[in-house]
Amino acid sequence: MTEAMLRGQKGLASVKDLPVRQDGPPPGGFPPVRYARRIANSGPSGLAVVLFSSVVIGWGMYQVGQGNLHRRTLKAEKIAARQAILPLIQAEEDARFVREKKKFMEEEAKIMANVPGWKVGENVYNSGRWMPPSTGKIRAEC
Amino acid sequence: MTFFFLTLVLKIVVLTIPLLLGVAFLVLAERKVLASMQRRKGPNVVGIFGIFQPIADGLKLVVKEPVLPSSANLVIFLFAPVLTFLLSQVAWAVIPFGDGLVLADLNVGLLYLFAVSSLGVYGIITAGWSSNSKYAFLGSLRSAAQMVSYEVSIGLILITVLLCTGSLNLSEVVRAQTHVWFCVPLFPLLVMFFISCLAETNRAPFDLPEAEAELVAGYNVEYSSMGFALFFLGEYANMIVMGSLCTLFFLGGWLPPFDFVAFHWIPGIFWFGLKVTFFLFCFIWVRAAFPRYRYDQLMRLGWKVLLPLSLAWVVLVSGILLSFDYLP
């Protein structure tokens, strides 16, 4: 079936419609050939899409903000709790440090017993400043 | 110490083996999905529904003789597929499958992922260069240029996500989505991120560096047997990594879709897997639906569309967060 028959457009539906039997375009020319895709222009308008997506994105950002506020309060609470128990943790750590230091010195004395003139616990640095122990169990994070 | 080391090795094995199996069956899934979309049956001879097809393919690649080109720089030639494969596996260390279900819960997980994905380019560059073949070399240049271009927009998109979470830790990124998944406020970014992921993994419609019908296969022309298999595994593992990144940053990782009690009975890893599978399906769907881009169109999309857009979103989101005092 040709387009002319389908749509009743002007033009030739059959060769028999020709007034004279000869090759050539029908009277009035051939019907236009449809070559372009038919794109539906239905659906929501651009403005509607923009408005709708703005509302959705806005609501989402609001929710993100509420979540962030919530997480901020949780973080503040955690920091406050840590601040409250900080003296306790520090006291525990100090006690542990003293215990480990004592053990360390005893071990040093045992190892270096045969070295004459060795002073147990003497600072290996020349400056008089206190330096944190660099290795071993005496360190806080080990 | 020994116990720690042994448990770590065990964890890595438990993570890697299912991942490799997943890669194998992703190949099968891709062929099956493509076949369904083209009204074919797909692989259905090896095992029921072709379930053993990936194993047969893998076996074939393993027992084949590796062909080493006489003019190739052999050390680098053999090292390149290993590098690609290793980097695709290494990225999994920081990806949380559930709450606390992560190998290394790094505070800088996002930076780590950036570093690993940037290094991925080197596997491709070295493969193309060391093959000493003009086709492989040109292919590797095309792939590398594409990956580098789209990494920029990926970076900017992740900065926007970062602004909303205030943490580089991936578990923290997921926890920040408890109120709302970021795909709601940042939906355009999800689309852009997905497009960038397609380009980053050299997948259709951006697979022009290795277009089967138009060019020889790209940077891996000279590879056969196990070298080729490693590249192949690496590429598909990268696909899964990208799918999980989309899930973690925009679809709430292991969080259930609604806050129903019944949904919380289901373990988080199931939700995570479901979302990753959705993205992987989209990867394949895109391949079935869209024609290939031209190289200039690809570069235009990366530098003149996605880059300015993602930059604009960084400004917009930071402006909103700052003006309403919503910063984390």
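Keep in mind that this is a model prediction, so the values were computed, not measured. To find a chain, count down the sequence lines: A is the first, B the second, and so on, and within it residues start at 1.
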Are more than 12 heavy atoms from other residues, nucleotides or ligands located less than 6.0 Å from atom [atom1] of [X]?
X	atom1	result
E77(A)	CD	no
F324(B)	CZ	no
F281(B)	CZ	yes
R300(B)	CZ	no
F187(B)	CZ	no
F263(B)	CZ	yes

I want to check something: taking the side chain as every heavy atom from C-beta on, are [X] and [Y] in contact at a cut-off of under 4.5 Å?
X	Y	value
I57(A)	P188(B)	yes
Q63(A)	T178(B)	no
V64(A)	Q177(B)	no

Taking R71(A) for the side chain and T165(B) for the main chain, is one N or O donor matched with an acceptor at less than 3.5 Å?
->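 It does hold such a pair.
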Option that, when pairs with chain B are counted at under 4.5 Å, heavy atom only, ranks first among M61(A), Q66(A), H70(A) |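 Maximum pair count with chain B is reached by M61(A).
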Please name the pair of heavy atoms, one in R72(A) and one in D325(B), separated by the smallest distance, quoted to 0.1 Å.
->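 Smallest heavy-atom distance, with atoms named: NH2-O, 2.9 Å.
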Which heavy-atom pair separates V184(B) from G60(A) by the least distance, and what is that distance?
->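 Result for this residue pair: CG1-CA, 4.1 Å.
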Using the ring of each side chain (for Trp, its six-membered ring), is Y326(B) parallel, tilted or perpendicular to Y62(A), with breaks at 30° and 60°?
->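 The rings of Y326(B) and Y62(A) stand perpendicular, inter-plane angle above 60°.
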Report the C-alpha distance between H179(B) and N68(A) in whole Å, list the side-chain angles of each, state the deciding distance to 0.1 Å, and finish with yes or no for side chain to side chain contact (heavy atoms under 4.5 Å, CB included).
-> CA-CA 9 Å; H179(B) 266 71; N68(A) 280 349; over 6 Å; no
